[in-house]
Amino acid sequence: MFRPKALGGALTALATVAAGVFFAAAVSTTPASAAGTGTGYLHTNGSQIVDSTGATVRLTGINWFGMETDNKTFHGLWSSNPWRGQLDTMARLGYNTLRVPYSNDALKPGATATGINDFVNPDLIGLSPLQILDKVIAYAGSKGMRIILDRHRPTSAGQSPLWYTPTVSEATWINDWKMLAQRYAGNPTVIGADLHNEPHAEGTNPAATGACWGCGDTARDWRLAAERAGNAILGVQPNWLIFVEGVSCPSGGLSNVWDNDPSNDEDCGWWGGNLSKAGQFPVRLNVANRLVYSPHEYATSVYRQTWFDAPDYPANMPAIWDKYFGYLYKQNIAPIMMGEFGSTLADPKDRVWLEKLMAYTGTGVTGMSFTYWSWNPNSGDTGGIALDDWTNINTTKQAILQPYLIAPSGGGPTGGPTTGGPTGGPTGGPTTPPPGACTATYRQVNAWQGGFQGEVTVKNTGTAAVNPWSVTWTWPSGVTLGSGWNATVTQSGTTVTAAAPSHAPSLAAGASVTVGFTANGTASTPATVKLNGASC
């Protein structure tokens, strides 16, 4: 989770967003980029993350939390959407990386996972938290996704300003990391360790007791602790990336505005979000090209920082981001992987913040990497991408993130690139393939009492592009659309129409598109599938 720089709790705001239909973007690549999340293990090259071939990779991911809580496993396993179905949706929407928060409690021998719907997820019955994690990693890897493990809390009781507590020592923290590195050694789906979530200030200056950066106190200097843990992990698994978050206040203490001592009134940021001293005091790892800095960034639904009410907002934000973390990327010092950012979007300022932040990260494969907080709808001060049923999607948030998502090699649509203009007929209007110039296949992904999930794949077997494309099919009476993706999916009577998204209107000759959906009613195979009116 996340907290503000200042004293006082974060204000909680909840937004109710209507469920709607959503489409996922096709992704174009250049010869210098890697499809999805690349090949083999990842490492760094200046401000970029690259794969084993040297191709640039951008991690565009999402957080799925729960393993750090008393449940000791992913939240939402209690819902009617099976765990694989949730990962299917994440991948189709374009999230190529999953950040998995955990607490050391979940790693203990005898730890028990709770909050699992046995009817929906019978394959998880009796498994330990780590065994469930194994299954999620294996399935995510089959879809081309990558996994970042995040030591979120020492115990399920809550976060800590330092990486150790009176009951969880530094040795336990490091040894548990080494165990995880050994457990997943040889599995390039798991790409690295986010060492400790949101180190932050505690105590009032000059009597600081929280995490500092560059202060030299081995009991409090997060930069030095990150080196100790990072190097221990790399001694076991030298191929992992080491993700290092910032602090909140570099001194490790909160400002005392009443002591009339300006030297104590330093500029602070979000918990884990302040990397302003990393340039002066860099993290030094024994294996080159493994360090990724991972700040956190939030909006007013978490805490109303002063900059949100500045007269020049939002024009003031890029300079703030530059100061706290962006300079590391812009000066080619190290990659940035923004590990958490999110909002309910209840305040109009937050929507502006999210739009500006995404633009700041840059477009295309060379932009800053990120994992959005969160998939979970039960994040009290941000909400999630999933709505409360853990199936339908918050289309408002997703539409803002969509242009920046790079789907994993196994997820998202399979159509042509999104670059360039329409490629229709001479008049620029819709093109219609001749009868039989398409094929259609159907796969039922999941089924539950009162509903099911499926996907229709249509291939343009003609010799010319279909632009704009539209797929239709029919269902028996009583079957109704729940949600759809990879197209704008609507239903009228018993006919379902999946219309091409505006950013990817053309279906090239030989290309395919897979339209996913959830539906209410008895599981039924789509009938009379057509591409632009031509029967497949």
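- Summarising the geometry of N81 relative to Q453, their closest heavy-atom pair is OD1-OE1, 4.0 Å, with the distance given to 0.1 Å.
- Distance alone, capped at 3.5 Å, places no donor-acceptor pair between the N45 side chain and the V50 backbone.
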>> If you apply the rule side chain to side chain contact (heavy atoms under 4.5 Å, CB included), what do you find for W375 with L87, and how did you get there?
In response: CA-CA 10 Å; W375 170 249; L87 284 169; over 6 Å; no

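- Rounding to the nearest 0.5 Å gives a distance of 9.0 Å between CG of L291 and CG of L241.
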> For Q48 and Y329, what are the C-alpha separation, side-chain angles and deciding distance, and is it a side chain to side chain contact (heavy atoms under 4.5 Å, CB included)?
Replying inline: CA-CA 8 Å; Q48 299 298 307; Y329 171 87; 3.9 Å; yes

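- A heavy-atom distance below 4.5 Å is found between the side chains of I385 and L401.
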> How far apart are the C-alpha atoms of T474 and T528, what are their side-chain angles, what is the distance that settles it, and do they pass the side-chain hydrogen bond (donor to acceptor under 3.5 Å, both in side chains) test?
Replying inline: CA-CA 6 Å; T474 60; T528 59; 3.1 Å; yes

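- Counting only distance, with no hydrogens or angles, the side chain of T391 and the backbone of D389 share a donor-acceptor pair below 3.5 Å.
- Classified by interplanar angle (parallel below 30°, tilted 30° to 60°, perpendicular above 60°), the ring pair Y139/W83 is perpendicular.
- At distances below 3.5 Å, not a single donor-acceptor pair connects side-chain atoms of T495 with backbone N or O atoms of Q491.
- Ring-plane geometry between F517 and W475 is classed as perpendicular, the angle between the planes exceeding 60 degrees on a 0 to 90 degree scale with a lower cut at 30.
- Checked by atom type and distance alone, the side chain of T461 pairs as donor or acceptor with a backbone atom of A437 at under 3.5 Å.
- The minimum heavy-atom distance linking T522 with F452 is given by the pair O-CE2, 3.4 Å.
- Atom CD of E355 is separated from atom CD1 of I400 by 4.5 Å, given to the nearest 0.5 angstrom.
- Using modelled atom types and a 3.5 Å distance limit, the side chains of Q305 and Y298 yield no donor-acceptor pair.
- Side-chain N/O atoms of N187 and T189 include a donor and acceptor closer than 3.5 Å.
- Residues R99 and E68 are not paired through a salt bridge, judged by the lack of any N-O separation under 4.0 Å between the basic side chain and the carboxylate.
- At a cut-off of 3.5 Å, with distance as the only test, a side-chain donor of D350 or S343 sits close to an acceptor on the other residue.
- Taking NZ of K143 as the reference point, atom OG1 of T37 lies at 12.5 Å (rounded to 0.5 Å).
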> Where do F341 and L357 land on the side chain to side chain contact (heavy atoms under 4.5 Å, CB included) test, with the steps shown first?
Replying inline: CA-CA 9 Å; F341 63 106; L357 179 63; 3.8 Å; yes

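- At least one donor-acceptor pair closer than 3.5 Å links the side chain of N460 to the backbone N or O of A464.
- You'll find the side chain of N197 stays beyond 4.5 Å of the side chain of Y102, heavy atoms only.
- Defined by atom type and a distance below 3.5 Å, a donor-acceptor pair is missing between the side-chain atoms of Y303 and D381.
- The only member of V529, T457, T525 that meets side-chain contact (heavy atoms from CB on, under 4.5 Å) when paired with Y442 is T525.
- Looking only at distances, a side-chain donor or acceptor of D51 sits under 3.5 Å from a matching main-chain atom of T53.
- Ring orientation note: the planes of F308 and Y313 are nearly perpendicular, at an angle over 60° on the 30°/60° scale.
- Counting heavy atoms from C-beta outward, L345 and L354 have side chains that approach closer than 4.5 Å.
- For T361, the side chain to side chain contact (heavy atoms under 4.5 Å, CB included) partners at least two apart in sequence or on another chain are R58, M338, M358, M368, Y404.
- With a 4.5 Å cut-off on side-chain heavy atoms, K135 and R84 count as touching.
- Residues S470 and N532 bring no donor and acceptor atom of their side chains to less than 3.5 Å of each other.
- Around atom NZ of K356, no more than 12 heavy atoms belonging to other residues, nucleotides or ligands sit under 6.0 Å away.
- Here the CG-OG1 distance, from N392 to T518, works out to 5.5 Å after rounding to the nearest 0.5 Å.
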> How far apart are the C-alpha atoms of F325 and Y293, what are their side-chain angles, what is the distance that settles it, and do they pass the ring-ring contact (aromatic ring centres under 6.0 Å, His included) test?
Replying inline: CA-CA 8 Å; F325 59 86; Y293 288 113; over 10 Å; no

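- The CD1 atom of I132 lies 12.0 Å from the CD1 atom of I137; values are rounded to the nearest 0.5 Å.
- The minimum heavy-atom distance between L77 and L124, with the atom names listed, is CD1-CD1, 3.9 Å.
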>> Would L59 and L42 count as a side chain to side chain contact (heavy atoms under 4.5 Å, CB included) here? Give the steps.
In response: CA-CA 11 Å; L59 306 178; L42 308 181; 4.0 Å; yes

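- In this structure, D150 and P101 have side chains that are in contact, with non-hydrogen atoms separated by less than 4.5 Å.
- The two residues P318 and P314 have their closest heavy-atom pair at CD-O, 3.7 Å.
- Defined by atom type and a distance below 3.5 Å, a donor-acceptor pair is present between the side-chain atoms of Y41 and Q237.
- By the 4.5 Å heavy-atom criterion applied to side chains, W469 and V513 are counted as neighbours.
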>> Pair W390, Q86 - check side-chain hydrogen bond (donor to acceptor under 3.5 Å, both in side chains), show working.
In response: CA-CA 7 Å; W390 295 84; Q86 299 193 48; over 6 Å; no

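- Taking both residues in full, the closest heavy atoms of Q398 and I393 are given as CB-CG2, 4.1 Å, listed atom of the first, atom of the second, then distance.
- In this structure, M145 CE and T97 OG1 are separated by 7.0 Å, a value rounded to the nearest 0.5 Å.
- Panel note: side chain D312, backbone A315; no donor-acceptor pair is recorded below 3.5 Å.
- Between the side chains of W373 and S379, at least one donor N or O sits under 3.5 Å from an acceptor N or O.
- By the 4.5 Å heavy-atom criterion applied to side chains, V489 and L481 are counted as neighbours.
- Formation of a donor-acceptor pair under 3.5 Å by the N96 side chain with backbone atoms of T60 is found in this model.
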> Would F65 and H152 count as a ring-ring contact (aromatic ring centres under 6.0 Å, His included) if you check the C-alpha gap in whole Å, the side-chain angles of each, and the deciding distance to 0.1 Å?
Replying inline: CA-CA 9 Å; F65 68 78; H152 208 74; 7.8 Å; no

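- Within the 4.5 Å cutoff, the side chain of R290 has no heavy atoms near those of the W240 side chain.
- N332 and S47 form a side-chain donor-acceptor contact under 3.5 Å, judged by distance and modelled atom types alone.
- Counting only distance, with no hydrogens or angles, the side chain of S294 and the backbone of M337 share a donor-acceptor pair below 3.5 Å.
- No donor-acceptor distance shorter than 3.5 angstrom exists from the side chain of S477 to the backbone of T494, with no hydrogens or angles considered.
- Here the shortest heavy-atom pairing between S374 and G383 reads OG-O, 3.8 Å.
- The closest side-chain donor-acceptor pair between W270 and E340, if any, does not fall under 3.5 angstrom.
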